[in-house]
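On a predicted model such as this, the values are computed, not experimentally measured, just so you know. Order of listing sets the numbers, starting from 1, for every ligand and every atom in it.
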Amino acid sequence: MKIPYNEPSYGAAEERAILKALRAGTTGGNGAITKRVADLLKEKTGAKYVMLMPSATSAMEVALTAAGVGPGDEVLMPSFAFVSQANVILSCGATPVFCDIEPDTMNMCPKDTARRITKKTKLLFPVHYAGMPAKINAFKKLARDNDLLLFEDAAQCLLSYQGSGPRKRHLGTFGDAGCISFHVTKNAGCGEGGALLVNDQKVAEACEIIQEKGTNRTAFLRGQVDKYTWVGPGGSHVLSDLLSALLEVQLKRASAMTARRVKLWDRYHSGLEELEALGLIRRPVVPKGATHNGHIYAFRARTPEEQQAILEDLRANGIGAVFHFQPLHVSPYAKAKLGKQDELPVTMQAAETIIRLPLYDGLKASAIDTIVAAVYRAAIQG
Ligand SMILES: Cc1ncc(COP(=O)(O)O)c(C=O)c1O
């Protein structure tokens, strides 16, 4: 591909930080560097407690286990989502119940969610897709009215916010727990990595234990107990200091990288305005009150056939355009494991028409212009 879909932005500062950590011998999990980076992320997100983990998947697993999600419980989540979410629900012994999305943002629809709440429902688990907020206040109300937990998959949302003034908050901090991913494809990352964001001290303490193999090692590292021991169930969900060293540099660069991405996102958006006016595509929608991080630029073709034709045309021209999530409710595993699922027409329509265009820190503005011109040609040819 002449223009790949994604490219991480690692430079000399990242190399120096890893070497420094390596030479200092600080490579294990949950060490001094990890603590420093967790503090930095607390500052950036406003979350009271931040735990760095090997992935957002780990963060979900820890949060669900700490919440006691288990057999007999139902968790409401979108079908247009990353597979980890459904897997962690199943591995807790609970059942994922798939909800439809809204046509404009492709985020979980509160109305569709509300009608799927039963006596078994324990948790609402919306995704903030592409760094764009789901209707989080509607979900908060639904959770409050029905006495449910609310977790947010904010994997794609570093430096994305909802609200303004004193009500402006980082995505992933509205509910009982939220996760962010630092996977190589994200706006800032360390190859593989994630964070769990929590506002409640008791929840955070329960998560720390699960994160550290079921021990109170984190309290020991803080000097709160004089030796650490097995206190409950747990797994191994700590981030190595070596990767934290890389992440620290990336987080310090995150504001600048996000500003650049948003600029490129805006360039796509104005470049494609006329094509939308011609009725040939639908551009993405920024929800009211959102400050997004330019994570994904995804537009929609009119039909599945046009999606395929445009993707093929762009790829033939060396442009790494891609589709996205394959709906989980019609996947072979969901059918085998969960049986027949309700139809989710908006989800199917979104998956069959979405096209994501290349977007990364090192992408040149001139490349956006080339891609926009190629999209016009492909869409007009149909
Ligand atoms: C919406 C969403 N949730 C969860 C994940 C999983 O993140 P990780 O790879 O850090 O586990 C991803 C990763 O792409 C994602 O996009």
- Considering only protein heavy atoms, which is closest to atom 1 (C) of ligand 1, and at what distance to one decimal place?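 Among all protein heavy atoms, the one nearest atom 1 (C) of ligand 1 is D153 OD2, 3.5 Å.
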
- Name the closest protein heavy atom to atom 5 (C) of ligand 1, giving the residue it belongs to and the distance to 0.1 Å.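 Of every protein heavy atom, F82 CD2, 3.4 Å lies nearest to atom 5 (C) of ligand 1.
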
- Contacts of F323 that satisfy ring-ring contact (aromatic ring centres under 6.0 Å, His included) - sequence neighbours left out: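 Counting only residues at least two positions away or on another chain, F323 forms no ring-ring contact (aromatic ring centres under 6.0 Å, His included).
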
- Message: Using a 4.0 Å cutoff against the non-hydrogen atoms of A56, which atoms of ligand 1 qualify?
- Response: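 Under 4.0 Å from A56, ligand 1 has these atoms: 7 (O), 8 (P), 10 (O), 11 (O).
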
I'd like the name of whichever of [options] reaches closest to [atom] through any heavy atom.
atom	options	value
atom 11 (O) of ligand 1	V83, I296, T57	T57
atom 14 (O) of ligand 1	K186, M60, Q156, H183	K186
atom 10 (O) of ligand 1	G189, S84, S181	S181
atom 15 (C) of ligand 1	A81, G194, A155	A155

- M108 pairs by side-chain contact (heavy atoms from CB on, under 4.5 Å) with which of D153, D100, T113?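 Testing M108 for a side-chain contact (heavy atoms from CB on, under 4.5 Å) against D153, D100, T113 leaves exactly one candidate, T113.
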
- Query: For residues T34 and D241, is any side-chain donor paired with an opposing acceptor at under 3.5 Å?
  - Reply: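 There is such a pair between these side chains.
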
- Message: With no hydrogens and no angle check, just 3.5 Å: does a side-chain donor-acceptor pair link H183 and T185?
- Response: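 Short answer, yes.
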
- Message: Looking at ligand 1, would G193 count as a contact under a 4.0 Å heavy-atom criterion?
- Response: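 Distance cut 4.0 Å: G193 passes for ligand 1.
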
- Message: Could you tell me if R356 sits above the aromatic ring of Y297, with its cationic atom closer than 6.0 Å to the ring centre and no more than 45 degrees from the axis?
- Response: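 No; the conditions do not both hold, so R356 does not lie above the ring face of Y297.
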
- If the plane angle is over 60° it's perpendicular, under 30° parallel, otherwise tilted; pick one for F151 and F125.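 Judged by the thresholds at 30° and 60°, the geometry between F151 and F125 is perpendicular.
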
